[in-house]
Asks: 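Starting off with a structure, shown below.
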There are 2 protein chains.
Amino acid sequence: MSHFTAVIADDHAIVRSGLKAALENETLVDGHIIEVVAEAGNGLDAIGTVKQHRPDLLVLDVSMPMAGGVEVLVETRRWAPDTRIIVFTGISAMGKVSELVEAGVDGLFSKAEDNQGLYQHVPMILQGGRYISPFFTSILDNAPQRSALTDRERQILNLIVAGQSNKEISTHLGISAKTVDRHRTNLMQKLDVHSVAQLIAYSLREGLIDPAAEV
Amino acid sequence: MSHFTAVIADDHAIVRSGLKAALENETLVDGHIIEVVAEAGNGLDAIGTVKQHRPDLLVLDVSMPMAGGVEVLVETRRWAPDTRIIVFTGISAMGKVSELVEAGVDGLFSKAEDNQGLYQHVPMILQGGRYISPFFTSILDNAPQRSALTDRERQILNLIVAGQSNKEISTHLGISAKTVDRHRTNLMQKLDVHSVAQLIAYSLREGLIDPAAEV
DNA sequence: TTTGAAATGGGGGATTCACCTCATTCAGCA
DNA sequence: TGCTGAATGAGGTGAATCCCCCATTTCAAA
């Protein structure tokens with residue numbers, strides 16, 4: 001029987017309280033005790049809180065104000081390499097799944113899933129294991145090529161979603177409008193869409209781009 | 001001291017458990033007791049569950065699969081007129097706020113808010129009161145004209161976001177492509193955007209349209 | 001009854017998009 | 001050392017957008 005500390009980061013207070021209750025529930029197998037020592041409502045707070053508390057466990061949401069889940073994950077790995085990191089996300093960030101796995105997330109759960117998953121797998125994760133919910137494994141298998149966007153393509157996708165025309169993007173990046181056009185064509189081929197509308201809708205729905213990104 | 005029944009509808013299990021815990025917490029003022037008799041993970045389930053249980057209180061999320069919060073609200077009003085309805089929503093559905101108020105929601109809370117609001121205002125709502133979080137009142141005051149879209153405009157906005165061209169929309173609705181073009185122009189004027197990209201991004205971000213709507 | 005908003009549709013024109021082909025540069029890699 | 005992928009950019013074409021102009025009909029509110 002051991003005692004673990006945890007930090008929860010989510011921009012919704014009601015989700016934080018739900019996660020806290022689920023984690024601190026005494027019915028965890030093996031008699032583990034988890035204490036939530038701090039909560040954070042945005043990405044920057046989350047990073048600061050992790051640096052301060054260096055918890056055993058960090059529970060993260062992907063989409064948060066100020067800094068996204070991936071950034072918090074990377075920063076946490078730098079400042080608290082022993083902290084186990086699990087991510088809780090909704091369908092709004094499917095495009096981030098492969099990114100999270102590559103960044104070395106220790107656990108990946110869906111918000112739609114039953115809390116049962118937490119009770120079963122968190123102790124194993126705390127002991128060094130890694131768990132990806134079946135909810136996401138199909139995404140990792142089925143669509144590896146879709147998220148294979150280059151940095152430049154992702155950057156231009158952000159500007160397209162921001163509502164900028166090819167000409168505006170070209171002056172913004174200091175390249176020819178024809179090049180932007182080429183990137184746009186490549187993007188639509190890669191993502192298998194046939195109009196700006198579908199491109200934008202798909203990007204926002206799948207969480208492929210960061211709505212608050214600095215471009 | 002009275003005993004109330006409640007139904008919770010949200011597509012995220014972790015949110016449901018958080019709400020359930022908050023509602024059933026015994027620290028409610030006036031010694032009220034609330035019992036959560038059922039939960040629903042999508043809009044259709046929510047409607048069925050309400051018809052079956054006719055609870056005193058219905059806690060709703062705006063964005064759910066199968067049927068949105070507004071539809072559930074209207075259906076509930078029809079089948080269980082005495083049920084008090086409170087809506088819990090994130091920033092993703094700001095455009096629905098005025099719609100919810102017009103539909104006669106009894107309580108409106110933000111998911112980002114502290115649970116304190118629940119404890120303070122739910123008993124009052126159960127006794128016939130109505131409460132809109134300050135979080136949303138500014139939206140109602142500042143942007144009344146933006147959401148003043150007509151039914152036809154909203155319908156066409158849905159099809160635009162779905163990626164259909166003017167010609168596709170025209171054949172779909174059995175009207176001229178020129179008329180669709182006119183509606184599109186009106187939409188962009190009303191929403192103060194200058195491209196499809198901005199139109200779509202704005203609509204999705206503000207929750208102005210229903211991503212799962214039947215068109 | 002008149003006024004106005006909403007929906008319908010046509011003509012026209014400037015601009016932009018979407019998608020071809022073709023070509024160059026440059027970095028990483030077997 | 002050649003090869004591949006990424007980024008760059010030109011020329012051209014047909015389609016679609018965006019925004020003016022104009023009009024009619026319907027329907028509800030003043």
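Quick caveat: nothing in here was measured; it's all calculated off a predicted structure. The figures that follow rest on heavy atoms only: side chains count, while hydrogens, waters and symmetry mates do not. A, B, ... follow the sequence lines: proteins, then strands. Residue 1 opens every chain.
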Asks: Let me know the distance between CG of B:L191 and P of D:dC19, rounded to the nearest Å.
Replies: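 Checked: the CG to P distance equals 13 Å.
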
Asks: Could you walk me through whether A:T179 and A:H183 satisfy the side chain to side chain contact (heavy atoms under 4.5 Å, CB included) test, starting with their C-alpha distance in whole Å, then the side-chain angles of each, then the deciding distance to 0.1 Å, before giving a yes or no?
Replies: CA-CA 6 Å; A:T179 307; A:H183 284 304; 3.8 Å; yes

Asks: What is the distance from CD1 of A:I200 to C1' of D:dT17, rounded to the nearest Å?
Replies: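 Rounding to the nearest Å, CD1 of A:I200 and C1' of D:dT17 are 13 Å apart.
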
Asks: Closest approach of B:P55 and B:V50, non-hydrogen atoms and distance?
Replies: CD-O, 3.9 Å

Asks: Once you round it to whole Å, what is the distance between P of C:dT16 and CD of A:Q164?
Replies: 14 Å

Asks: Taking CG from A:L159 and P from C:dC17, how many angstroms apart are they, rounded to a whole number?
Replies: 13 Å

Asks: How are the rings of A:H121 and A:Y131 set to each other: parallel, tilted or perpendicular (split at 30° and 60°)?
Replies: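 Because their plane-to-plane angle is under 30°, the rings of A:H121 and A:Y131 count as parallel.
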
Asks: How would you label the contact of B:D181 with the nucleic acid (heavy atoms, under 4.0 Å): base, sugar-phosphate, or nothing?
Replies: base

Asks: Using nucleotides 6-8 of chain C, report all nitrogen or oxygen pairs with the protein that are shorter than 3.5 Å.
Replies:
{"from": "C:dA7", "atom 1": "OP1", "to": "B:T150", "atom 2": "OG1", "distance (Å)": "3.0"}
{"from": "C:dA7", "atom 1": "OP1", "to": "B:R152", "atom 2": "N", "distance (Å)": "3.4"}
{"from": "C:dA7", "atom 1": "OP2", "to": "B:T150", "atom 2": "OG1", "distance (Å)": "2.7"}
{"from": "C:dT8", "atom 1": "OP1", "to": "B:R152", "atom 2": "NE", "distance (Å)": "2.9"}
{"from": "C:dT8", "atom 1": "OP1", "to": "B:R152", "atom 2": "NH2", "distance (Å)": "2.6"}
{"from": "C:dT8", "atom 1": "OP2", "to": "B:R152", "atom 2": "NE", "distance (Å)": "3.2"}
{"from": "C:dT8", "atom 1": "OP2", "to": "B:H183", "atom 2": "NE2", "distance (Å)": "2.7"}

Asks: Tell me: CG of A:L187 to C1' of C:dC17, nearest whole Å?
Replies: 14 Å

Asks: Begin with the C-alpha distance, continue with both residues' side-chain angles, and end with the deciding distance and a verdict on side chain to side chain contact (heavy atoms under 4.5 Å, CB included) for A:L57 and A:L23.
Replies: CA-CA 10 Å; A:L57 183 66; A:L23 286 175; 4.2 Å; yes

Asks: Please list, for nucleotides 24-30 of chain D, all pairs of protein and nucleotide N/O atoms separated by less than 3.5 Å.
Replies:
none

Asks: Kindly write out the residues that satisfy side-chain contact (heavy atoms from CB on, under 4.5 Å) with A:D106, not counting sequence neighbours, or none if the list is empty.
Replies: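 With neighbours one apart ignored, the set is A:R77, A:R84, A:I85, A:I125, A:R130.
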
Asks: What is the separation between atom CG on B:L199 and atom P on D:dC18, rounded to the nearest whole Å?
Replies: 8 Å

Asks: Given D:dA16, is OP1 or OP2 found less than 4.0 Å from the side-chain N or O atoms of B:K167?
Replies: yes

Asks: For A:T5, enumerate each residue passing the side chain to side chain donor-acceptor pair (under 3.5 Å) test, keeping only those at least two apart in sequence or located in another chain.
Replies: A:D56

Asks: Which residues satisfy the side-chain contact (heavy atoms from CB on, under 4.5 Å) test with B:S165, sequence neighbours excluded?
Replies: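 Result, side-chain contact (heavy atoms from CB on, under 4.5 Å) vs B:S165: B:K167, B:E168.
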
Asks: Tell me: CD of B:E168 to P of D:dA16, nearest whole Å?
Replies: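 Atom-to-atom, B:E168 to D:dA16, this comes out as 9 Å.
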
Asks: Please give, in whole Å, the distance from D:dA15 P to A:M188 CE?
Replies: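 Checked: the CE to P distance equals 16 Å.
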
Asks: Check side-chain contact (heavy atoms from CB on, under 4.5 Å) between B:R182 and all other residues, then give those that pass, not counting sequence neighbours.
Replies: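 In terms of side-chain contact (heavy atoms from CB on, under 4.5 Å), with neighbours along the sequence ignored, B:R182 is linked to B:N186.
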
Asks: For a side-chain contact (heavy atoms from CB on, under 4.5 Å) with A:I86, tell me which candidate from A:L58, A:V122, A:L60, A:V105 qualifies.
Replies: A:V122

